[in-house]
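Okay, so here's the structure we're looking at.
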2 protein chains.
Amino acid sequence: MIKMNKERSLSKNQQIILDLIDKSSEPLKAYTILFNVQKKGIKAPPQVYRALDKLVEIGKIHKIESKNAFVACKNSNCEISKATAFSICESCEEVDEVSDTKLSKFLSKFNDKKGMTFKRFNLEFFGLCKRCKIK
Amino acid sequence: MIKMNKERSLSKNQQIILDLIDKSSEPLKAYTILFNVQKKGIKAPPQVYRALDKLVEIGKIHKIESKNAFVACKNSNCEISKATAFSICESCEEVDEVSDTKLSKFLSKFNDKKGMTFKRFNLEFFGLCKRCKIK
DNA sequence: AACAGTATGTAATAATATAACGTTTTAAAG
DNA sequence: CTTTAAAACGTTATATTATTACATACTGTT
């Protein structure tokens, strides 16, 4: 395995699965991933879930909780994702990562009244995308 | 003229399940609910999921997406929940509904760069609660 | 009473995720 | 180069979460 600069080198299964998610235009579910990588030798759910867990952990992908599906991180230098926001069209199901400095600053600075310390947040917006509004 | 808050009357199963969630101090999962209401005649998953769907729809409960669990809405007059935020302790698993005017205003006003119109959002903060920080 | 909409009960099954095991590979230190 | 510990792997089985499908019953109008 070739070790790149500061880049963490992914294992074989992790790379196969990241490649698949990366080139997908939509969030992929674990079993969709499984079916699509069986020809590459990944045959069982734990192999997929383990790679997904790791990829999430190192910030290469994010889980869309409301859909149990995974998307590649668009912020190429995002290593550990602690501030994620997504827009989800309820009509066409398109999902996009929202990257807005004001938003992430506001939420990262947000302080709980009850004294909790936040390490991480996940925000999901639902609505209609430009195209679906017209229809 | 008095404008009545059109109270929706809940069905039997909906009421049983709402009561259970309401008096719970923690988010409840669908099958935990099922086991706890079997003595009341609710015997199968679809009965639980149908009631949950309806209760979510009318804003009586919220789903904590990252936990596949349900909590009662604390805003007693919240009819249709379109702006939800929760704090989740990663140590003790305590979940609280965050109600902060600034936060909900900021997020409700948030405009997507890509022209999406948002109807609703769900925000989940993760961290350590007061008590767990001390330990 | 007739109708539409909502809710119910039930069986079967689909979809999502993890446990538990032993083995192999990797990276780094001696 | 060998040792070693951590990480990743492969495999089987099973746990957990959620839905489909269909028949029946209840509720509130007209």
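In the text below, chain A, chain B and the rest are named by the order of the sequence lines, each starting its count at 1. Just so it is clear, the structure is predicted and the values come from calculations on it, not from any experiment.
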Please state whether the phosphate of [N], meaning OP1 or OP2, lies under 4.0 angstrom from any side-chain nitrogen or oxygen of [X].
X       : N      : value
B:Gln47 : C:dT8  : no
A:Lys12 : D:dG10 : yes
A:Ser11 : D:dC9  : yes
A:Asn13 : D:dA8  : no
B:Gln14 : C:dA7  : yes

Qualifying residues under salt bridge (Lys or Arg N to Asp or Glu O under 4.0 Å), relative to B:Arg131, sequence neighbours excluded: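 Residues passing salt bridge (Lys or Arg N to Asp or Glu O under 4.0 Å) with B:Arg131: B:Glu94.
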Main-chain N/O of [Y] paired to [X] side chain as donor or acceptor, under 3.5 Å:
X        : Y        : value
A:Asp96  : A:Val98  : no
B:Ser87  : B:Glu97  : no
B:Ser104 : B:Thr101 : yes
A:Glu124 : A:Ile64  : no

Interatomic distance, [X] [atom1] vs [N] [atom2] [rounded to whole Å]:
X       : N      : atom1 : atom2 : answer
A:Ile42 : D:dT11 : CD1   : P     : 12 Å
A:Ile33 : C:dA17 : CD1   : C1'   : 13 Å
A:Lys43 : D:dA8  : NZ    : P     : 20 Å
A:Ile16 : D:dA8  : CD1   : C1'   : 13 Å
A:Leu28 : C:dA17 : CG    : P     : 13 Å
A:Leu10 : D:dC9  : CG    : C1'   : 15 Å
A:Leu52 : D:dC9  : CG    : P     : 12 Å

4.5 Å side-chain heavy-atom contact, B:Phe70 and B:Val56: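 Result yes, sub-4.5 Å side-chain heavy-atom pair found.
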Heavy-atom check, side chain of A:Cys89 versus side chain of B:Met116, under 4.5 Å: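 Yes. Closest side-chain heavy atoms under 4.5 Å.
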Rounded distance [0.5 Å steps], CG in B:Leu107 versus CG in A:Leu107: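 Interatomic distance, B:Leu107 CG to A:Leu107 CG, rounded to 0.5 Å: 5.5 Å.
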Under 4.0 Å protein heavy-atom contacts per nucleotide of nucleotides 12-23 of chain D, with B for base, S for backbone only and - for none: B----BBBBB--
Donor + acceptor pair across side chains of B:Lys133, A:Thr117 (<3.5 Å):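 There is such a pair between these side chains.
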Net bend of the helix from C:dA1-D:dT30 to C:dG30-D:dC1, end axes of five pairs each, nearest 10 degrees: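 Taking the rotation axis at each end, their angle is 40°.
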